[in-house]
> 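Attaching a single structure in structure tokens format; questions to follow.
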Amino acid sequence: MHTLAVIGCGLTGTSLVYQFVRNMTCRKAKTKRTSPGISLLILDQSRQPGPGFPYAKDQIYPFHISNMPGREMSIVASCNTDFTDWLRKHHIDLKLKYPELDQWFTENGIDLLYGQCLPRMIMGEYLKDRFDGALRMAANEGISVSLHTQCTVTGIHSKDNGFSIETIDKNTHTVNAFMSERIILATGHWITQHQQIGYFDSPWPANRLIEEIPQGSRVAIIGTSLSAIDTVLTLFSDGRFEWQTNGRLTFIPAHHSRTATMYSRTGILPRVRGKTGHYQNQFFSVQQINRLVERKAKRLVLEDLFSLLQKELALAYDASINWKQVIATGKNAVSMLLANIQDAENGDNPGGDILWQTILFQSIPVIKKAYLNLTASQRKRFEKHYKSIFMAHAAVIPLLNAKKLLALMTSGVLKVEKLSAHYELNPITDDQGFEFCYPDAAGKPVKKRYPFVVDARGQSLAYQTNPSKLAKQMISSGLVLLENQDPSLPAEQHNPGGVWIDPDTYRVMTKGPGQTISASDKMYAVGVMTGGQIINTSMAYQCAIAADTVSKHIIDDVLKTVQK
């Protein structure tokens, strides 16, 4: 019997389980051979495997929508319409189950217009259904499944015949041990621990912000990107949005409303999702990146990539690009948001689409390939100086959320402020609250106090910030290595330290006899813990591609073992 343990079963883990069973079924039908004996061991901390963060119903509200359109939310790599196909099939059941989402339904189902972004609760139902479907498929194919929910993995130990996995039951506190020949780590997001009253390490679960931050409070939000926008929508959910006859959205604050300020080093909000067109990249492509890598004796630097992107944009717009204007961060947030909304609605060219979004969105494989081929020092340079600007363009927000932000800012309850590169956030002695200290544009010291602070900067790339017992044990034992443990790199070139993997197979890099380093034959890691190498780990369909890659690699390995 070949045992595969899947640790963590949110979106990525569910995609992996579903595709593993599906791929094994397809392989059996294609080869007309009996499948080898396989047992799946699924260990998850939640009550319900499938949704995970940020799609679990206990984490979100109905107004939290995905930043990616429905057409990009499939968890099946071979079928990018799997989610939308499922949605069309189940829209009546969804409408009955979630009357609070009535505005999203039409007589014929859910409006799946080009680029439509949907409530995360709906994605959560899709993930639950796909997980349950995987269990049914497994039963039909004779694949044994042992499912353990509300189960925390506290340690993993390498053995001659695989791994010993230590767990504790969250309800009974019973300690258990399991054996598995192979392991896939898909534990997802983690939250660092901060003990100061009034400080929130994460905006999730969303109901915690509502329950613990009183109305009328002044709130500082660290971050201006996707998580920060979700935080804003949560904090002002006691008010109401109203559409005017001219199509403008306005916000009516609740009595004694909270007020909030979003802070970031750039002070800019993400761009707004518009329509993508049919332009095909000529320069910023995987083929060109491959040629560039072959031509260079050493790895790429950022200037190599900027040069390709510059050529692409110049060709598309038939004009040279002013990079200083693109990366300018001193612009007024309201005027920028208004201009971005207009572009999203009308496009930035006669075709009605946004050319630069068309270029970036078809460049996802390019960006992954390019990022992996940057030197470590160049990745560090990118993280420090350019990532915020890049993510503002790559991780765009739905038009509806952009209009809500504009309404909140024009109503006076929300502001966006730019921090300098050097700022301090200090707890106020003998008082509940915090003080931001930073110089303004003229270099004059600024001090602003807030009783509540929400850290909404998103997941850290440094896996050593994961406070779980499992993460600490795996790092200390050398079972997994971090990127900054690569002995071939000088210390100044080290990356933040995600879990170090072979990016082609997602096998974990580990220490062997004599302290030799190699890719593990039996352990894999997927998802946010690999974010130091895989830049797009937060995208659902890219998680599906990673999960599909791992599942096929394991199936090939198992079949080779059987043949021997």
Side-chain angles (χ1 to χ4, degrees), residues 1-10 12-13 16-17 20 37-46 49 144-190 462-487 497-502 505-530 532 547 550-551 553-554 557-558 561:
M1 179 68 73
H2 299 270
T3 306
L4 169 62
V6 179
I7 301 177
C9 207
T12 305
L16 200 143
V17 171
F20 180 84
I38 292 178
S39 174
L40 283 175
L41 171 65
I42 302 173
L43 306 169
D44 192 65
Q45 293 191 73
S46 68
S144 171
V145 177
S146 178
L147 172 62
H148 299 265
T149 58
Q150 295 189 285
C151 169
T152 300
V153 177
T154 56
I156 300 174
H157 303 277
S158 181
K159 303 291 183 181
D160 291 339
N161 57 342
F163 300 92
S164 171
I165 305 170
E166 298 172 356
T167 70
I168 184 169
D169 187 283
K170 294 174 72 174
N171 291 321
T172 65
H173 305 292
T174 304
V175 175
N176 294 302
F178 301 91
M179 289 298 300
S180 182
E181 188 179 17
R182 295 170 178 82
I183 287 180
I184 300 171
L185 300 170
T187 51
H189 292 77
W190 64 88
Y463 191 65
Q464 60 262 42
T465 65
N466 187 329
S468 73
K469 288 184 179 180
L470 175 62
K472 292 177 180 178
Q473 182 268 329
M474 289 194 300
I475 293 171
S476 64
S477 67
L479 188 64
V480 302
L481 299 179
L482 306 182
E483 292 174 89
N484 55 22
Q485 293 175 281
D486 185 345
V499 171
W500 187 14
I501 59 169
D502 167 21
T505 62
Y506 297 85
R507 293 186 297 166
V508 168
M509 302 300 289
T510 188
K511 286 183 181 178
Q515 299 298 298
T516 57
I517 295 175
S518 61
S520 171
D521 290 333
K522 306 295 184 182
M523 178 178 281
Y524 303 76
V526 286
V528 295
M529 68 178 70
T530 65
V550 172
S551 72
H553 191 270
I554 292 174
D557 189 35
V558 168
T561 303

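No experiment lies behind these values; they were computed from the predicted model shown.
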> Using side chain to side chain contact (heavy atoms under 4.5 Å, CB included), reason through Phe178 and Thr3 one step at a time and then give a plain yes or no.
CA-CA 10 Å; Phe178 301 91; Thr3 306; over 6 Å; no
> Please report the closest heavy-atom contact between Thr172 and Asp169, naming both atoms and the distance.
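Heavy atoms only, the tightest pair is N-OD1, 2.9 Å.
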> Do the side chain of Thr530 and the main chain of Gly498 share a donor and acceptor less than 3.5 angstrom apart?
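Between the backbone of Gly498 and the side chain of Thr530 there is no qualifying donor-acceptor contact (under 3.5 Å).
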> Can you measure from CG (Leu470) to CD1 (Ile475) and round to the nearest 0.5 angstrom?
9.5 Å
> Using modelled atom types and a 3.5 Å cut-off, is there a donor and acceptor pairing between side-chain atoms of Thr149 and backbone atoms of Asp44?
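No, Thr149 side chain to Asp44 backbone: no donor-acceptor pair under 3.5 Å.
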> Using a 3.5 Å distance criterion without hydrogens, assess whether the side chain of Ser180 forms a donor-acceptor pair with backbone atoms of Ala5.
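Looks like yes, one N/O pair under 3.5 Å.
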> Nearest 0.5 angstrom please: Gln150 CD to Gln45 CD, how far?
10.0 Å
> So do Met529 and Val480 actually touch side chain to side chain, heavy atoms under 4.5 Å?
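Of all side-chain heavy-atom pairs linking Met529 with Val480, none is under 4.5 Å.
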> I want to check something: taking the side chain as every heavy atom from C-beta on, are Gln473 and Thr154 in contact at a cut-off of under 4.5 Å?
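Contact flag for Gln473/Thr154 side chains = no.
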> Of the non-hydrogen atoms in Ala525 and Ile501, which two are nearest, and what is the gap between them?
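The answer is CB-CG2, 4.1 Å.
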> Heavy-atom distance under 4.5 Å between the side chains of Ile156 and Ile7, does that happen here?
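Yes; the side chains approach each other to less than 4.5 Å.
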> If you round to the nearest 0.5 Å, how far is OG of Ser468 from CE of Met474?
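One gets 6.5 Å once the value is rounded to the nearest 0.5 Å.
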> Are any non-hydrogen side-chain atoms of Arg182 and Asp557 less than 4.5 angstrom apart?
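Yes, side chains in contact.
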> Report the C-alpha separation of Glu181 and Asn161 in whole Å, then their side-chain angles, then the decisive distance to 0.1 Å, and conclude whether the side chain to side chain contact (heavy atoms under 4.5 Å, CB included) test is met.
CA-CA 6 Å; Glu181 188 179 17; Asn161 57 342; over 6 Å; no
> Look up atom CD1 in Ile165 and atom CG in Leu43, then write down how far apart they are to the nearest 0.5 Å.
5.5 Å
> Quick check: closest heavy atoms across Ser164 and Lys159, and the distance to 0.1 Å?
CB-CE, 3.8 Å
> Quick check: do Trp190 and Val528 have side-chain heavy atoms less than 4.5 Å from each other?
yes
> Less than 4.5 Å apart, any side-chain heavy atom of Val175 and any of Glu166?
no
> Do Tyr506 and His553 have side-chain N/O donor and acceptor atoms under 3.5 Å apart?
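Not at all, the side chains of Tyr506 and His553 share no donor-acceptor pair under 3.5 Å.
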> Nearest 0.5 Å please: distance from the CZ atom of Phe20 over to the CD1 atom of Ile184.
7.5 Å
> Specify the closest pair of heavy atoms between Thr510 and Gly478, including all atoms of both residues, with the distance to one decimal.
OG1-O, 3.2 Å
> How long is the straight-line distance from NZ of Lys522 back to CD1 of Ile183, given to the nearest 0.5 Å?
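Answer rounded to 0.5 Å: 12.0 Å.
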> How far apart are the closest heavy atoms of Tyr524 and Val508, and which atoms are they?
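Distance-wise, the nearest heavy atoms are C-CG2, 3.7 Å.
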> If every non-hydrogen atom of Val526 is compared with every non-hydrogen atom of Val550, which pair is closest and at what distance?
CG1-CG2, 3.7 Å
> Just so I know, are the side chains of His148 and Thr167 near enough to count as touching, which here means a heavy-atom distance under 4.5 Å?
no
> Could you go through the side chain to side chain contact (heavy atoms under 4.5 Å, CB included) check for Gln464 and Leu482 one step at a time?
CA-CA 8 Å; Gln464 60 262 42; Leu482 306 182; 3.3 Å; yes
> Would you say the side chain of Ile168 lies within less than 4.5 Å of the side chain of Lys469, judging by non-hydrogen atoms?
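No, every pair of side-chain atoms sits at 4.5 Å or beyond.
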> Step by step, would you call Val499 with Leu185 a side chain to side chain contact (heavy atoms under 4.5 Å, CB included)?
CA-CA 10 Å; Val499 171; Leu185 300 170; 5.7 Å; no
